[in-house]
Amino acid sequence: ILEWTLVLLEQGLLLLIKMGQFFPKERKSIQNLRKTEESIDWLRSWKVTLFSLLEAVPVNLRPLIASISIDGTSATTIIIDSNSGEPLWRPFLYNESCPDALPVVKSIAPANHTVCSGTSTLCKLVSWWNTEGENRESALLLHQADWLLWLLHGKLGLSDYNNALKVGYDPELESYPPWLLSQPYSQLLPSVQAPGTSIGYLKEGIRTEFGFPKDCVVCTGTTDSIAAFLAARATEPGKAVTSLGSTLAIKLLSTSRIEDARFGVYSHRLDDKWLVGGASNTGGAVLRQIFTDEQLEKLSEHIDPMEVSPLDYYPLQVVGERFPVADPKMVPRLHPRPQSDVEYLHGILESIARIEAKGYSLLKDMGATQVDEVFTAGGGAKNEKWTKIRERVLGLPVSRAIQTEAAYGAALLALKGAQAQHNEQ
Ligand code: ADP
């Protein structure tokens, strides 16, 4: 799944690419997937799509493309041969877990570090390292965005500090930590730049084939969710974006860094600030289990958002919550159901708002900057009654973010890189 957008910003046209993923519906164990033919040729499909997107840019606009950046799904891990650039393994997708590597990773990393999760990039690397006998010497690790950008600029072994966080990079020290560097597989780690750093010009062959300008630069990217935050242009500490999609995710710009793997809370660096966040399992997916989108709209019209709902639910699709309460055994609570669907929906929306408020309060307790304004993204953002309920429950101004597309955020990074390049000249 891949989207592109052309956006006219102050500096001209930027090509923005958002790379998504899908995963076979029926989850198999990673060991099985590795062996089977089911391991779809992801890399080829991503490459083909990238170039079909370049092809799709209207010919008359191509000479105006000043800069390119790409965001990719965080923790999508690609291991390639550093000499040939050829893949040594099929990619590890973002949500694949490598529990086999977790005990090893936990034994070397500080307690509750971001890498201490089976889906972290480091667990994927360790799992590969322990399984693969050959090719270790020449191997190199890249993330999805790094790999796609490499196809465009041709310099192998570069990443950004947002993508590299889940492999253990420390964006505060601007280096990999000693406990990681002392491991034999540290030789696979890419070198890291700030997101939106101009890496170089678009490869000549691509430039001439497609008609992009001579000085079109390619910049380091970021992860999908950070790009979506950047799109909302919440640039001051205390500004936050709540994403009300299938799940509830909150992201807050903070002057201090906080981290706790138990709650899935970690901080991404954004220049001189920190983007802290957490994700709950509650959200729109539960609403969709009960109501259609049309019902949601109709019923919401009859809700009085100023009225406090007496109903107290914990809407979850399945057992288990991670943030703001780390409880894998938490049971969904959606009863008692009142006769009136309006009251029921009101109770659910208000309960989700309370979970959101608890999320921001937990981030503050952990040491993050106090939130003072919330922008909203995702399918729930259009529900004005819910926005009003959330304003009351959070005690904060809440509004819909104007831009929420990750591709727009990647464009802002491309702009940053183009500006820096321009200033240098
Ligand atoms: P995702 O990208 O995570 O799948 P979206 O951002 O597309 O999710 O949002 C879809 C969610 O929005 C659905 O789960 C649905 O319940 C919710 N949704 C749709 N319309 C409304 C509405 N009017 N009020 C509240 N939630 C809504």
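Quick caveat, the model's predicted, so the values are computed rather than measured. Atoms within each ligand, like the ligands themselves, are counted from 1 in listed order.
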- Sub-6.0 Å ring centroid separation between Phe263 and Phe323: no
- Within residues 388-397 or reaching into it, pairs that qualify as salt bridge (charged side-chain N to carboxylate O under 4.0 Å, His left out) - sequence neighbours excluded: Glu350-Arg392, Glu356-Arg390
- For residues 274-316, the ring pair (Phe, Tyr, Trp, His ring centres under 6.0 Å) pairs (sequence neighbours left out) are Tyr313-Tyr344
- Task: Give the protein residues with at least one non-hydrogen atom closer than 4.0 Å to an atom of ligand 1, ordered by chain and number.
- Result: Gly245, Ser246, Gly284, Ala285, Leu287, Arg288, Asp293, Leu296, Gly378, Gly379, Gly380, Lys382, Asn383, Trp386
- Kindly check if the number of other-residue, nucleotide or ligand heavy atoms within 6.0 Å of CD (Gln295) is above 12? yes
- Task: Using a 4.5 Å cut-off on heavy atoms from C-beta on, say whether the side chain of Phe92 contacts that of Cys98.
- Result: yes
- Inter- and intrachain pairs under side-chain hydrogen bond (donor to acceptor under 3.5 Å, both in side chains), touching residues 360-370, at least two apart: Thr242-Tyr360, Ser254-Thr369, Thr255-Thr369
